[in-house]
**Student:** 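Quick one: the structure is below, questions incoming.
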Amino acid sequence: MSSDVPLSVLDLVPISSGSTAAEALGNTLDLARRAEEFGYHRYWLAEHHLNPGVAGTSPALIISLVAGATARIRVGSGAVQLGHHTPLSVVEQFGLLDAVHPGRIDLGLGRSGGAPRTPAAPAEGAAGVAEGTGESEEPGKEDALGKEYGPGKEYGSEKEDGPGRTEGTFTDSGLYLPPKYTGFSRLLASPRFRLHQALLRQPGATTPEYPDQIDDILALLAGEYRSADGVEAHVVPGEGAAVEVWILGSSGGTSARTAAARGLPFAANYHVSPGTVVEAVEAYRKAFRPSPALAGPRVLVSADVVVAPDDATARRLASGYGLWVRSIRTTEGAIPFPTPEEAARHRWSDEDRALVADRVDTQFVGSPETVVERLEALRAATGADELLITTITHGHEDRVRSYELLADAWAKRS
């Protein structure tokens, strides 16, 4: 694979309909081995909870499994959600990982998972999926998406004659930026979100400010931590660990500013919040201050992708995605990923279509040539130094083949 703009993998550990969590984890280990063979640069695991269709609940544990099953590829979190963890627990977990797999571990950190925030003050975070549970997207949201739909395009499996993609803008490179999703207040007010918070946090616990959590993690890693009254803390293993620390975010807000101020690399989520990806990377670059770890801004951008030998086959493989996103945004939690046949049985209402439009309109689905062209537009619009690819299909081999076709086409592009 060409190394000028490397490709990496984001794995949500999806469970397909009719399958089990154990099978999903086995598929993750197989995909990681194959991704290493295909030349992907890193393999990240997301953190999600209480989702019937997602088995990735503990990044550190799955990272250990993946790193043990591979030899060279970097392995990390995309992302640890700091609303659910203390800085000490994070450094201990990733210190253990680094001790066993030195120089291969990435520590991606997300802001969400803490107390609910209003849409005007959203939680930012990962690259993952369970929207509305405070785990990854902008305001306590998480993610999932679909393909380009519109007049005469397949939506799920039906042909639609109604309006095309929602009003948005295009960058000079041709990247589509949909309107920002506005349904977060309903997600945050849902009983499922409240249950999520109750089960993941100790009663009465409060989440510190995100920049303070990052500072504590960096200090513990560097062996420079001091409490307010001057007491030192030294984490073994953990202190001095050669982990690569990343900040993940969906807008130009707290996460982007925190990464920039500390001279850390920044992962921006087109697949999570496509309408805000450009503002996120621009805010990060504008505020960036050099650090001992990084002399200049370093940006990774995610994309949701399904590749097949031809566009029609790819659209069929991706046809369950809109229904999967709908389950997330209606606060059910991510359902097991549907087959194309299961997706075809769903009858889409206008409300359904509007609910998933931003994500469906921004998934890159097609032949290798089609998808490479769209990824190039994403890279040009964001100036990405690296692209993070997340792919979900019902069939495991279809998913593996998608990554293989993309790696080959990306390496051969002119």
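Values below: every heavy atom of this structure, side chains too, minus hydrogens, waters and symmetry copies. No experiment lies behind these values; they were computed from the predicted model shown.
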**Student:** Identify, with sequence neighbours excluded, every residue that meets ring-ring contact (aromatic ring centres under 6.0 Å, His included) alongside Phe288.
**Tutor:** Tyr284
**Student:** Quick one: list whatever passes side chain to side chain donor-acceptor pair (under 3.5 Å) with Arg285, sequence neighbours left out.
**Tutor:** none
**Student:** Can any side-chain N or O of Asn51 pair as donor or acceptor with the backbone N or O of Gly53 at less than 3.5 Å?
**Tutor:** no
**Student:** Is a donor from one side chain sitting under 3.5 angstrom from an acceptor on the other, for Ser302 and His271?
**Tutor:** yes
**Student:** Distance-only, no hydrogens or angles: does the Thr313 side chain make a donor-acceptor pair with backbone N or O of Pro309 under 3.5 Å?
**Tutor:** no
**Student:** In this structure, which one of Trp410, Tyr43, Tyr40 forms a ring-ring contact (aromatic ring centres under 6.0 Å, His included) with Tyr403?
**Tutor:** Tyr40
**Student:** Checking Arg42 now: which residues fulfil salt bridge (Lys or Arg N to Asp or Glu O under 4.0 Å) with it, not counting sequence neighbours?
**Tutor:** Asp106, Glu244, Glu386
**Student:** Closer than 3.5 angstrom, by distance alone: can the side chain of Trp348 be matched with the main-chain N or O of Leu323 as a donor-acceptor pair?
**Tutor:** no
**Student:** Checking Arg399 against Phe337: charged group under 6.0 Å from the ring centre and within 45 degrees of the axis?
**Tutor:** no
**Student:** Asp215: what forms a salt bridge (Lys or Arg N to Asp or Glu O under 4.0 Å) with it, not counting sequence neighbours?
**Tutor:** Arg262
**Student:** Donor-acceptor pair, Gln213 side chain versus Pro87 backbone, under 3.5 Å?
**Tutor:**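 No; judged by distance alone, with no hydrogens or angles, the pair does not exist.
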**Student:** Quick one: salt bridge (Lys or Arg N to Asp or Glu O under 4.0 Å) partners of Glu23, sequence neighbours excluded?
**Tutor:** none
**Student:** Suppose we screen for side-chain contact (heavy atoms from CB on, under 4.5 Å). Which residues come up paired with Asn27, at least two apart in sequence or across chains?
**Tutor:** His396
